[in-house]
Amino acid sequence: MSDSPAIPSNFIHQIIREDLKNNKNDGRVHTRFPPEPNGYLHIGHAKSICLNFSTANEFKGLCNLRFDDTNPEKEDMEYVDSIRESIRWLGFDWEDRQYYASDYFDKLYEFAGELIKQGKAYVCSLNQDQAREYRGTLTKPGKNSPDRDRSVDENLDLFNRMKDGEFDDGDYTLRAKIDMASPNMNMRDPVIYRIRRAEHHQTGNKWCIYPMYDYTHCISDALEDITHSLCTLEFEDHRPLYDWVLDQLESLPHPRQIEFARLNINYTVMSKRKLKQLVDEGLVDGWDDPRMPTLDGMRRRGYTPVSIRNFCEMVGVTKANSVVDVGMLEHSLRDDLDKTSPRAMCVLNPLKVVIENYPEDKIDVLTLPKHPKDESMGNREIPFRREVWIDRADFEEVPPPGFKRLVTGGEVRLRGSYVIKCEEVIKDNNGEIMELRATYDAATLGARPEGRKVKGVIHWVSVQDALDVEVRLYDRLFNCENPDAAEGDYRDYINPDSLVVKTGCKAEPTMADAAHEERFQFEREGYFCVDRKNSAPDKPVFNLTVTLRDTWAKKSN
RNA sequence: UGGGGUGUCGCCAAGUGGUAAGGCAACGGACUCUGACUCCGUCAUUCGUAGGUUCGAAUCCUACCACCCCAGCCA
C-alpha cells in the first residue's frame with residue numbers, strides 16, 4: 001500500500017473529527033461493513049469497504065464485517081463465502097470481528113418484548129393489502145391499525161405465539177407504534193418482525209419470525225459498539241427510525257448514522273438485481289465473468305486490489321449523486337499495472353515474416369529486460385530465428401499518413417532485436433497477404449542503423465519457438481453510457497463485441513510457465529492476466545485486462 | 001401538490017465570508033528500441049437561476065428552477 005496516496009479528507013472524516021473533539025465515544029472510532037449475503041460484491045461495494053476500513057484505520061479504530069442476514073429467503077452461504085474472499089482479496093482485514101445480524105436474534109427478540117412492554121410496539125393482524133391501504137400515500141396520512149391499542153399482555157402473548165409457530169406466514173406482524181400521519185413513510189408504524197417459515201443459512205429452523213432491516217441494523221450497530229454507521233443515501237429517510245429505536249432502548253449506546261452517495265460508473269450496471277439477471281439468463285459467463293463489475297469479475301479480468309483502492313480514493317466521498325467515468329477506473333488500473341507488470345511479447349494476429357538473409361540454422365538468444373524502468377524485475381531470454389510472427393496490423397501496403405510500422409520496401413525495428421526491411425509481399429489467389437519476405441541488418445542488434453533512422457518498433461515472436469495461446473479480448477459490457485436510463489431494456493445495450501476470443505495467438509516461449517492470475521504487459525497491446533479458471537499448462541488462456549493507451553488509433557479515427 | 005437530499009469545468013471533486021485546489025478526459029509540445037510510460041504547457045472572470053446583505057459572497061439571507069430517494073411483511 002506504499003504507493004497509495006494519503007487518504008483525502010471528506011465530509012465524513014470532518015464529522016468524525018468534530019465528534020472526537022467533542023469527546024464523543026471516548027475518542028473511539030468503530031465502523032462496520034454490513035453486506036447482505038444475497039449476491040456478489042461489486043465495485044460499488046468496494047467504495048463502501050474502502051471507506052469503512054480506511055476511515056477506521058485513519059482514526060486508529062476498528063472495522064467489523066457483519067452479514068446483514070435478516071431475509072433468509074434471499075440469502076445463501078455461497079454469498080457469504082464469496083464476500084469474505086473478495087474483501088480479503090481487496091486487502092482488508094476484519095481480524096476476529098466477523099458477525100452476523102443473526103447472532104443477535106435472541107437479543108433482538110428480547111428488545112422487541114421490551115418495546116411491547118413500553119407500549120411502543122404491537123402485534124398487527126392487517127394483511128399486506130390492508131397494510132398498504134392503511135399506510136396512506138406520500139401526500140395523504142395513514143390510518144391507525146385496528147390493533148394499535150391492543151393491550152400489552154395480549155401483544156406479548158401474540159408475539160410469543162408468533163415465535164412459537166402458531167400462525168401462518170403473514171397472519172401477523174409486529175409493528176413499532178410511532179405515527180401513522182408522519183410525512184416520513186418509514187415512521188408510519190413500520191413492521192419490525194414478520195412471520196416467515198424459511199430455513200436460515202445460519203440459524204437453521206430455529207426461527208419462524210425474522211426481524212426487519214430498520215429494527216435490526218441499529219441494534220446490531222449498538223451491540224457491536226459501532227460509533228459511526230456509514231450507509232448510502234437511500235437510507236437517509238430511515239435515520240429517524242434508526243434513532244427512534246435506539247431512543248427507546250436506553251441500555252444501548254447510540255451510534256451515528258451518516259449517509260453518502262453510492263458509486264455509479266458509466267457503461268455498466270450496478271444493481272444486484274440486474275447483475276443477477278445477467279448471470280441467470282446466461283448473458284455473461286457467471287458472477288466472475290471478466291466483463292462484470294463484480295470484484296470476482298474484475299479480479300479474473302486482471303484488476304489489482306491496489307488499483308481499485310486507489311480508484312475509490314480518487315472518486316471521493318460526498319452526498320451528491322454522480323456517475324464516474326470508467327476512464328478514471330482504467331487510469332488507476334494502468335497506473336498500477338505499468339509499474340508492476342513484467343513485459344512480454346505476444347502476436348495477436350500473426351503474419352509470417354521470412355528473413356531471407358538470416359541462416360536457417362542460426363539462432364540468437366536475446367536478453368531483454370522484464371521491465372524498461374525496473375531492473376529489479378530481471379531479464380528474460382528470447383530466441384530469434386529466420387522466421388518470425390508479426391501482427392498483421394503492423395504491416396501496410398498502402399500506409400496512411402504518419403504510419404511508422406512496416407511497409408513494402410521499408411524498415412522497422414523488431415523490438416529488442418534487429419532492424420528488418422520488407423522486400424516482398426506474398427499473396428494468395430484472392431490477394432490476401434500470406435507472408436512477407438524480408439532481410440535484416442546484422443549491425444543493428446542493440447545499435448542504431450547507420451546513415452538512416454528507423455522510427456517504428458514492432459513486436460514479434462520466433463515462429464519455431466512460439467507458444468500457441470488463447471487470448472480473450474474484453475471490452476465494456478454495454479455500448480451505452482447509462483444502460484439503466486436508456487430507452488427500452490438495459491439488456492438491449494449489451495455490447496456484442498464485449499468478448500472476442502482469439503486462438504492461435506503467438507506468445508514468446510517464456511509464457512509457458514505463467515501461473516494463474518499472473519499479469520503481463522504484452523508490449524504495444526495491453527495488460528493481460530492468466531485466466532484463473534480456464535487456463536491450463538497445455539492450453540494457456542490470457543484475458544485482456546485493459547489496452548495500452550493508443551493515441552495513434554485515436555488520431556487515425 | 002407530503003417528507004428527505006443534492007446542484008462548483010465534459011466527468012469526479014476541494015472550497016466552511018477575503019477574491020475558484022487537485023485528479024480524469026481533452027488539446028499542444030519534449031523524450032522514447034512499447035505510437036506505452038514519463039515530463040512540460042493549455043484548459044471555470046465563474047460556482048443551478050434571480051434578487052438581497054457586505055468594503056468583499058461559491059460560501060450568509062430570500063424566492064425560484066432542476067435532479068435523486070421514500071407509499072416491501074427487501075436491504
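Just so you know, these numbers come straight off a predicted model, no measurement behind them. To find a chain, count down the sequence lines: A is the first, B the second, and so on, and within it residues start at 1.
Put simply, the residue from A/Asp391, A/Ile420, A/Val412, A/Val347 that forms a side-chain contact (heavy atoms from CB on, under 4.5 Å) with A/Ile458 is A/Val412.
At least one test fails for A/Lys421 against the ring of A/Tyr440: distance under 6.0 Å to the centre or angle within 45° of the axis. The cationic group of A/Arg196 does not satisfy the cation-pi geometry with A/Tyr210, failing either the under 6.0 Å distance to the six-membered ring centre or the 45° limit from the ring axis.
Heavy atoms of A/Val454 sit nowhere under 4.0 angstrom from any nucleic acid atom. Contact annotation for A/Gly142: no contact, since no heavy-atom pair falls under 4.0 Å across all strands. Across all strands shown, A/Ile458 has no heavy atoms under 4.0 Å from either base or sugar-phosphate atoms. Within 4.0 Å of A/Lys373, counting heavy atoms only, lies at least one base atom of the nucleic acid. Using a 4.0 Å heavy-atom criterion, one finds that A/Asn38 contacts no nucleic acid atom at all. In this structure, A/Arg343 reaches the bases: a heavy-atom distance under 4.0 Å links it to at least one base atom across the strands shown. Here A/Arg175 lies out of heavy-atom contact (under 4.0 Å) with every strand. Contacts of A/Arg334 with the nucleic acid, taken as non-hydrogen atoms under 4.0 Å apart, are absent. Within the nucleic acid shown, A/Gln14 comes within 4.0 Å of at least one base atom, counting heavy atoms only.
Between A/Ser417 and A/Lys319, it is A/Lys319 whose nearest contact on RNA chain B lies nearer the 5' terminus. Toward the 5′ end of RNA chain B lies the nearest nucleotide of A/Asn184, the other residue of the pair A/Asn184 and A/Glu75 mapping further downstream.
Here, B/rG23 and B/rC40 have their P atoms 11 Å apart, quoted to the whole Å. When the P atom is used for both B/rA50 and B/rA58, the distance is 13 Å, rounded to whole Å. Comparing B/rA14 with B/rU8, their C1' atoms are spaced 10 Å from each other, to the whole Å. Straight-line distance between the P atoms of B/rG48 and B/rA30: roughly 40 Å, to the nearest whole Å. Nucleotides B/rA44 and B/rC11 have their C1' atoms positioned 15 Å apart, rounded to a whole Å. B/rC37 and B/rC24 are spaced 11 Å apart, taking the P atom of each and rounding to whole Å. A distance of about 35 Å separates the P atoms of B/rU53 and B/rC12, rounded to the whole Å. The separation of B/rG28 from B/rC43, taken at their C1' atoms, amounts to 11 Å, rounded to a whole angstrom.
The closest side-chain donor-acceptor pair between A/Tyr213 and A/Asn71, if any, does not fall under 3.5 angstrom. Residues A/Glu224 and A/Asn64 bring a donor and an acceptor atom of their side chains to less than 3.5 Å of each other.
Taking the six-membered ring for Trp, A/Phe528 and A/Phe522 have ring centres closer than 6.0 Å. You'll find the ring centres of A/Tyr40 and A/Tyr79 inside the 6.0 Å limit. Taking the six-membered ring for Trp and the full ring otherwise, the centers of A/Tyr215 and A/Phe111 sit at least 6.0 Å from each other.
Judged as a side-chain hydrogen bond (donor to acceptor under 3.5 Å, both in side chains), the pairs with a partner in residues 184-193 of chain A (not counting sequence neighbours) are, in order, A/Tyr122-A/Asp189, A/Arg148-A/Asp189, A/Asn184-A/Asn186.
Scanning RNA chain B 5' to 3' for nucleotides with an atom closer than 4.0 angstrom to a non-hydrogen atom of chain A gives a first and last hit of B/rG2 to B/rA75.
Using cut-offs of 30° and 60° for the angle between ring planes, the A/His45 and A/Phe33 rings count as perpendicular.
RNA chain B is contacted by A/Glu523, A/Arg524 of residues 522-529 of chain A, taking any non-hydrogen atom closer than 4.0 Å.
Within 90° of 0 lies the glycosidic angle of B/rG72, which makes this nucleotide syn.
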